Novice: 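My questions all concern the structure below.
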Amino acid sequence: MRTSIKIKFSIFLAVLLLLTVFILSLLVLRGIKVNQQGQYEVYLDQQAQRANIYFMQTLLAEDNKVPQTFLETKGEEFVEELELISGQLLVLYDRKGTLVSKKVDHMESDSIQKTLKFALSNKTAYLVEKDSLYYLTPLKVANEQVGVVQFYYSLSGEHEFYNRIRQLFISIGAVVFFLSFILAYFYFSFFANGIIRLEKMVARVREGHYDTTILLRRDEIGKLSEGIYAMSGRIKRTIQDMEGEQKKLTLAINKLSLLDQQQKQFIGNVTHEFKTPLTSIKAYIDLLEMYPDDDKLLETAKINIKDETQRLYEMVEKVLQLSAMEKYDFEYNMEKLDVKQAIQGVINSLKGKIDKFKIKLETDLTEAYVEADKDSMTIILVNLMDNAIKYNKTRGNIYVKNYVKDAQAIIEIADTGIGIPKELLHKIYEPFFTVDKNRSRENGGAGLGLSLAKKYAETQGGSIILVSTSSEGTIFRILFPAYRPSGQENN
Ligand code: ADP
């Protein structure tokens, strides 16, 4: 389990403060000890001086002024008097260290004996044992040691005071520790919460969620959150860009594979459509080789070979035009084109075919102009007119009219033909598509006319639309932007 940063900081601060209290208590307690020692040393020194003065006074008042004999005879009496004066328990030794005061039932431990030995060499010494202090000081007469006075001093008061202060420090230490821990915990919570939120943000970014927020704080944590916000935003944008590019790439790949497929299909169709007339021509040539003298066969072969050759020629022409338009951008010879004249030109060129199919042609032509390439417009018109003838009924009608509407020059070709089944309408502009192969073949069509016408129209800013189709007939419309002299805008 991870220890929270709040707890770590709080413990650290509490321990730091506890250490401070500990060092402070050491210094204070040491000071107290030194002070207490100084005080009782001064006090006992004064007691020692007093004892010496009193001994001198007592000795002077005596007849026998020999200190040794005095101690032997009146030593015990002197001790009692001195105890009364000083208020201390006393023990008196003579110069040899022999006990003078018999009354005291005091300890004669080794350590006391050692201290006594030291005191007998005219020096003051003391011994501390638990709460008791034994202060041994020389008794002197005219600077000559005559014995040793031992004071007993109780240290229980000092020790009690010292212990009380120590206990106080322990309590203070405990209070400081817990209080500082609690305060620090709340104080660090504020910082730690920011860090915890940052950590959560980073974890979310790691999981791919880039919607981060800025923490409204005026410290480094606030700045850090701004940094994370900016970084995650940038990552998000980069990923979005990458996804966009990937989508475009997928679309391009799909388009390419579709184009590839269309191209393969186109080549397949071309091969197939070319094969049929070629097979027919070859068959007639084979027959002619077999029956060279058959005049009737020769006549039929001539007509059929001519028709099939014509069909092949037209097909090659259209296929070349279509594939050239796929590959190259042509420079069209754009000019102000008289629509009425163009329609009349095409009608004239198809006159033979119209008569052959016994079609009644009606026109309603008005003066209109477009900006277009003349040859392209002719190809478009020829293909649509040709379809209106080919897929018409015998003695059917064709109605051609043109007009201008909404800045568009419109040509409408209506026929009373067989119409196109609704379910196949979406395919009529595909190359090589025919509703009825045989009918198309009979009339020299291979399904290229509409796709070629549409391409020509669109490359020049025009369009072809199928207005309606039924068993009653079909209406196609060609739309081109009407010609406007340079400087004028279409509305
Ligand atoms: P095709 O060169 O064989 O005529 P198109 O590309 O011009 O081919 O036309 C495609 C198909 O659309 C034709 O095979 C025909 O079935 C149908 N079609 C085109 N125009 C008409 C029309 N006016 N009336 C009936 N069917 C038509």
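Counting convention: from 1, in listed order, for ligands and their atoms alike. Index from 1, following the sequence. Here the structure is a predicted model, which is why all the values come from computation and not from measurement.
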Novice: Identify, with sequence neighbours excluded, every residue that meets side-chain hydrogen bond (donor to acceptor under 3.5 Å, both in side chains) alongside Glu220.
Specialist: none

Novice: Taking only heavy atoms of the protein into account, state which residues are under 4.0 angstrom from an atom of ligand 1, in chain and number order.
Specialist: Asn387, Lys390, Tyr391, Asp415, Gly419, Ile420, Ile428, Phe433, Thr434, Val435, Ser440, Gly445, Ala446, Gly447, Leu448, Gly449, Leu450, Thr474, Phe476

Novice: Give every donor-acceptor pair under 3.5 Å between a side-chain atom in residues 13-30 and any protein atom, sequence neighbours left out.
Specialist:
residue: Thr20; atom: OG1; partner: Leu16; partner atom: O; Å: 2.8
residue: Ser25; atom: OG; partner: Val21; partner atom: O; Å: 3.3
residue: Ser25; atom: OG; partner: Phe22; partner atom: O; Å: 2.6

Novice: So which pairs with a foot in residues 240-259 pass side chain to side chain donor-acceptor pair (under 3.5 Å), sequence neighbours left out?
Specialist: none

Novice: For residues Asn333 and Lys374, determine if any side-chain heavy atom of one lies less than 4.5 Å from a side-chain heavy atom of the other.
Specialist: no

Novice: Can you say whether the rings of Tyr126 and Tyr40 are parallel (under 30°), tilted (30 to 60°) or perpendicular (over 60°)?
Specialist: perpendicular

Novice: With a 6.0 Å cut-off on the ring centroids, do Phe188 and Phe9 count as close?
Specialist: yes

